[in-house]
Amino acid sequence: TPSTSTVMHDEFGDHMSSTFEGKDVSSMERIYRWEAGAHMIADRPVLGFGPNGFVPNYKEYTVFIFETWVSDNPEQSTVHNYYMLQAIELGIPGMLLFILILIIFFLDIEGQYARENIEAKGVFYLVLGVSMSSIVITNLFGDLIETDKIGFFFFLLMGMSLVVPALGKSSTFNHA
């Protein structure tokens, strides 16, 4: 069961053991915010709270048992899950639209790879898919698409998936 007493460690081993014991501040803060996010989604499932709607609204949806010593949130960070953030801000339809875009991306990449798997273009599609997979997984525990760290690569990969198929037979991809 989670503990209301959370700590921070400098050593990796201590950090891992406190995580499994439910005493790690980072993990408990995520649960604190995810719990609030789930209540927010339940309260406004269709339209959400609007852009940047999490931070000014989440406190009234929190459950005190998961509160940590960093829950005051002076850095104004959000829910630490991009998919949940989409549902909070845009409602469930907005989140589903975002997931649909990801599904279309992966289906297209898979189809292009299946057609081009021997050529350099096929390897390029594989790289696009694996790169996007890492972003999709990372965003289960963060909301990084709207930052310059990940957002640039997310939109670059989306754009490349549209541009590469348009390259003609005389492309350098086919001569590599």
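Values below: every heavy atom of this structure, side chains too, minus hydrogens, waters and symmetry copies.
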Do [X] and [Y] have side-chain heavy atoms sitting under 4.5 Å apart?
| X | Y | result |
| --- | --- | --- |
| I101 | M158 | yes |
| I88 | I41 | yes |
| F105 | D108 | no |
| F124 | M160 | yes |
| H39 | V63 | yes |

Straight-line distance of [X] [atom1] to [Y] [atom2], nearest 0.5 Å:
| X | Y | atom1 | atom2 | value |
| --- | --- | --- | --- | --- |
| L102 | L97 | CG | CG | 10.0 Å |
| M95 | M84 | CE | CE | 9.0 Å |
| I99 | Q86 | CD1 | CD | 9.0 Å |
| L156 | M132 | CG | CE | 9.0 Å |
| L85 | M40 | CG | CE | 9.0 Å |
| K121 | Q112 | NZ | CD | 7.5 Å |

What about [X] and [Y], same hydrophobic cluster or not, with Ile/Leu/Val/Met/Phe/Trp/Tyr joined at side-chain heavy-atom distances under 4.5 Å?
| X | Y | value |
| --- | --- | --- |
| L140 | I150 | yes |
| I103 | L96 | yes |
| I135 | L107 | yes |
| F98 | I137 | no |
| V136 | L162 | no |

Minimum-distance pair of heavy atoms, taken over all atoms of [X] and [Y]:
| X | Y | value |
| --- | --- | --- |
| V55 | S77 | CG2-O, 3.5 Å |
| G37 | V79 | CA-CG2, 4.4 Å |
| F106 | S133 | CE2-OG, 3.6 Å |
| P93 | P45 | CD-O, 3.6 Å |
| I109 | S161 | CD1-CB, 3.9 Å |

Residue pairs, two or more places apart or on separate chains, that pass side-chain hydrogen bond (donor to acceptor under 3.5 Å, both in side chains) and touch residues 44-57: none

Using the rule ring-ring contact (aromatic ring centres under 6.0 Å, His included), only one of W34, F54, Y32, F49 pairs with Y61; which is it? F49

Would you say the rings of F154 and Y82 are close, in the sense that their centroids are separated by under 6.0 Å?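 Y82 vs F154: aromatic centres not under 6.0 Å.
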
Under a 3.5 Å distance rule, please check whether T62 uses its side chain to pair with a backbone N or O of K59 as donor and acceptor.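 Yes, because the side chain of T62 sits within donor-acceptor range (under 3.5 Å) of the backbone of K59.
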
